[in-house]
S.K.: 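The structure under discussion is supplied below as structure tokens; questions concerning it will follow.
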Amino acid sequence: MKLPNYIDIAIIGAGVQALTLTTHLLQKSAKHYSKFIVFDSAGTWMNQWQQQFAAQQIPYLRSPAVHHPDPNPHQLRTFAETRANELFPPYDRPGTKLFNDFCGEVIRRWQLENKVYQAKVSQVLPIKHLSRSRFQLVLADGQTIIARRVVLATGSGKVLLPHWVERITSDYPSDQLCHSQQVDLRHLNLTGEHILIIGGGLTSGHLAIGAVSLGATVTLMTRKQLQEKIFDAEPGWLGPKYLKDFHAETDWSSRWQKIQQARNGGSMTPEMMLQLRKASHQGKISLNESCQVSSAQYQDNYWQVSCLDGSQHQFDRIWLATGTKFDATEHPLLKDVLQTYPTEIVNGLPVLDEYLRLPKSNFFIMGGLAALQIGPVARNIGGGRMAARRIVPAIVKSSLVV
Ligand SMILES: Cc1cc2nc3c(=O)[nH]c(=O)nc-3n(C[C@H](O)[C@H](O)[C@H](O)COP(=O)(O)OP(=O)(O)OC[C@H]3O[C@@H](n4cnc5c(N)ncnc54)[C@H](O)[C@@H]3O)c2cc1C
């Protein structure tokens, strides 16, 4: 694709959220087909998703089959008619391959194969163009393009690391301590190794089971007791059951609190808990709950780890499944935009209008950063659908254009 000088809508990120937006947009208005370009460093749809699922060897999704990027909620079940064994009980959670194949089918059906332009967007500059507000996207290779509207759909947020990591003074090989996003189980031989995995979310479960299957023993350390939950946030957050009160709340800090309470840190699915307990009985995983590292140093090819309870341990590797933080003030593409279109920011989350725009602008935000409007599922597939339903009317109805 040759980059034009101007595009009506620039979507940054080609993940599941952006894919959901584009199918919803085309369902409402086919004439918008030529009006948008999606930018992604990978150059293909869903690259980040596919990499993470493959790297952590995740067999099936946590969310049920109705959650997917197509506007028709039944579409995935229809697609899976001959592949029922790839829907996992309870709630028919799709297998990883089934979901990826389905997304491929969605991309083909909506003719979106050639809609992703391979480029990292390094800056978004609000500009006045012939007395109209526009945005200039600066790409990493130096090219630029003007867009009338921008949708930020860049995904996971900033990697969160525990404080003791900053205090490590010894040198260590980079693969001996890394965030879960950098771990790729496909390329490791862990025979005989003892690995410390930190974090109580499903990711640490996947990594623990994966490491054991590669011959390691694992210590899984969590600040709190492990929590067992089928979904990361209750399904009531997808509809009026909880959202009615959430949207009635006018105090943004209270909304932020509600989001935290609903997610309440990480949790394990019941079947992951079962696998962990089984591996723990077999002596392959030790579950250190309510425990925190105070310091770690790398000496003689081992990690010497001290915990707040005074205990000392030795490990070959440390993996930090400590999550990410959605913080508008630290997002490189929001720096200039927020100067021109300032908005209140509550613990990192921007206050957006009901169409998920920065106030008085044509700059839309979807994903975890839209949680003050969408609620605790904003970062998930279901949240993507809720976001698309808000953004699309502001794009297709001329009366709603700023
Ligand atoms: C391991 C894992 C499993 C999950 N399982 C589920 C699940 O079962 N169900 C569920 O509902 N949710 C799940 N989630 C949560 C969520 O749905 C995913 O994180 C999902 O990938 C979010 O989609 P996204 O489009 O916001 O972001 P991403 O999939 O991360 O896509 C964002 C894209 O933006 C691109 N990008 C970022 N910055 C730039 C830039 N400057 N220029 C160009 N491109 C850029 C990236 O290359 C990336 O491709 C899971 C998350 C993880 C990490």
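Note that ligands are numbered from 1 as they come in the structure, with each ligand's atoms numbered from 1 the same way.
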S.K.: Tell me, please, which residues at least two apart from T169 pass side chain to side chain donor-acceptor pair (under 3.5 Å).
M.R.: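 T169 satisfies side chain to side chain donor-acceptor pair (under 3.5 Å) with Q297 once adjacent residues are dropped.
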S.K.: Would you mind listing every salt bridge (Lys or Arg N to Asp or Glu O under 4.0 Å) that reaches into residues 324-345, with sequence neighbours excluded?
M.R.: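 Residue pairs with at least one partner in residues 324-345: K158-E330, K325-D327.
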S.K.: Show me, pair by pair, the donor-acceptor contacts under 3.5 angstrom made by side chains of residues 195-211, not counting sequence neighbours?
M.R.:
| residue | atom | partner | partner atom | Å |
| --- | --- | --- | --- | --- |
| S204 | OG | G199 | O | 2.5 |
| S204 | OG | G201 | O | 2.8 |

S.K.: What residues come within 4.0 Å of ligand 1, counting heavy atoms only?
M.R.: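 Near ligand 1, by chain and number: I12, G13, A14, G15, V16, Q17, F39, D40, S41, Q48, W49, Q52, F53, Q56, I58, L61, R62, S63, A119, K120, V121, A153, T154, G155, L333, R379, N380, I381.
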S.K.: If we ignore hydrogens and angles and just use 3.5 Å, is the side chain of W303 paired with the main-chain N or O of Q176 as donor and acceptor?
M.R.: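 Yes; at least one donor-acceptor contact below 3.5 Å.
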S.K.: Would a line drawn from the ring center of F363 to the ring center of Y341 be shorter than 6.0 Å?
M.R.: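 For F363 and Y341, the ring centres are not under 6.0 Å apart.
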S.K.: Do the two ring centres, one from F53 and one from F99, sit under 6.0 Å apart?
M.R.: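 F53 vs F99: aromatic centres not under 6.0 Å.
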